[in-house]
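Have a look at the structure below, then the notes.
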Amino acid sequence: MVNRRERYRIVGRAPLGVGGFARVFEAERRDDGARVALKEPIAGGDAQARLRREIQVQTRLNHPHVMPIIDYDPDFGWFVMPLGLGNLEHLRSWVSEEEFHALKIFNA
């Protein structure tokens, strides 16, 4: 496993988000100071297997609506994406109520 602490420093203490199997933190790349989003599995269950599948699929995709993976642990312990400008909840004022609820189906 590649030690993510050698490459990235977590910024702040609270995660940007927590889901069923992983949490996302704002991080800083040590070699150039770039701010990124770092995702790591929550211990237990099949969290690491789910993260592995996410990395395997997402690294094959190239689409403007899919956040690219820019670095990851070859043993699937974490991965890094660009830091997004917001999420659907925060950007809600940009879409109508109807569009919001339709989009939320895909982000549940």
Side-chain angles (χ1 to χ4, degrees):
M1 180 179 288
V2 173
N3 185 343
R4 68 136 171 100
R5 288 175 180 86
E6 292 175 9
R7 294 185 189 182
Y8 300 94
R9 179 183 69 81
I10 299 294
V11 176
R13 293 181 181 217
L16 296 173
V18 178
F21 75 96
R23 57 186 165 218
V24 178
F25 294 91
E26 182 174 352
E28 181 180 84
R29 195 167 39 219
R30 291 189 185 274
D31 65 353
D32 65 2
R35 293 292 174 107
V36 295
L38 187 142
K39 188 170 187 175
E40 62 184 13
I42 296 170
D46 66 343
Q48 190 164 359
R50 290 180 66 180
L51 195 76
R52 181 188 72 239
R53 285 192 303 271
E54 186 172 353
I55 292 169
Q56 290 171 333
V57 170
Q58 203 163 326
T59 54
R60 292 184 182 127
L61 298 175
N62 182 14
H63 190 278
H65 300 297
V66 176
M67 191 65 80
I69 291 178
I70 55 177
D71 191 14
Y72 65 93
D73 172 20
D75 292 326
F76 309 109
W78 52 266
F79 71 83
V80 173
M81 305 170 285
L83 189 60
L85 299 176
N87 61 37
L88 187 56
E89 296 286 340
H90 293 114
L91 301 174
R92 209 174 151 178
S93 64
W94 293 16
V95 298
S96 70
E97 192 70 22
E98 183 177 295
E99 290 172 312
F100 174 76
H101 288 294
L103 289 170
K104 197 163 180 157
I105 291 169
F106 299 107
N107 293 294

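Just so you know, residue 1 is the first one in the sequence shown, and it goes up from there. This one's a predicted model, so the numbers in the text were calculated from it and none came from an experiment.
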Q: First locate atom CD of Q56, then atom CG of L61, and finally report the distance between them rounded to the nearest 0.5 Å.
A: 12.0 Å

**Q.** From I55 atom CD1 to R50 atom CZ, the distance as rounded to the nearest 0.5 Å
**A.** 13.5 Å

Q: Tell me, with the steps shown, if Y72 and Q58 meet side-chain contact (heavy atoms from CB on, under 4.5 Å).
A: CA-CA 11 Å; Y72 65 93; Q58 203 163 326; over 6 Å; no

**Q.** Distance, nearest 0.5 Å, that separates CD of E28 from CG of L83
**A.** 11.5 Å

Q: For residues M81 and V36, report the shortest heavy-atom separation together with the two atoms involved.
A: O-CB, 3.5 Å

Q: Check whether any side-chain heavy atom of R53 lies under 4.5 Å from a side-chain heavy atom of D46, and answer yes or no.
A: yes

Would you be so kind as to tabulate the donor-acceptor pairs closer than 3.5 Å made by side chains of residues 7-15, with sequence neighbours excluded?
unit_1: R7; atom_1: NH1; unit_2: D71; atom_2: OD1; d: 2.9
unit_1: R7; atom_1: NH1; unit_2: D71; atom_2: OD2; d: 3.1
unit_1: Y8; atom_1: OH; unit_2: D71; atom_2: OD2; d: 2.6

Q: May I ask you to say whether R35 pairs ionically with E26, meaning some side-chain N is under 4.0 Å from a carboxylate O?
A: yes

Q) Quick one: side-chain hydrogen bond (donor to acceptor under 3.5 Å, both in side chains) partners of N62, sequence neighbours excluded? A) none

Q: Find the distance between CG (L51) and CD (E40) and round it off to the nearest 0.5 Å.
A: 9.0 Å

Q) Can you tell me how far CE of M67 sits from NZ of K39, rounded to the nearest 0.5 angstrom? A) 11.0 Å

Q: Specify the closest pair of heavy atoms between E6 and R30, including all atoms of both residues, with the distance to one decimal.
A: O-CD, 3.4 Å

Q. Quick one: CZ on F25 to CG on L16, what's the gap to the nearest 0.5 Å?
A. 8.5 Å

Q. For the hydrophobic clusters of this structure (ILVMFWY residues joined by side-chain heavy atoms under 4.5 Å, transitively), does one cluster hold both I70 and W78?
A. yes

Q: Quick one: closest heavy-atom pair of G77 and P41, and the distance?
A: O-CD, 3.0 Å

(Q) I want to check something: taking the side chain as every heavy atom from C-beta on, are V18 and I42 in contact at a cut-off of under 4.5 Å? (A) yes

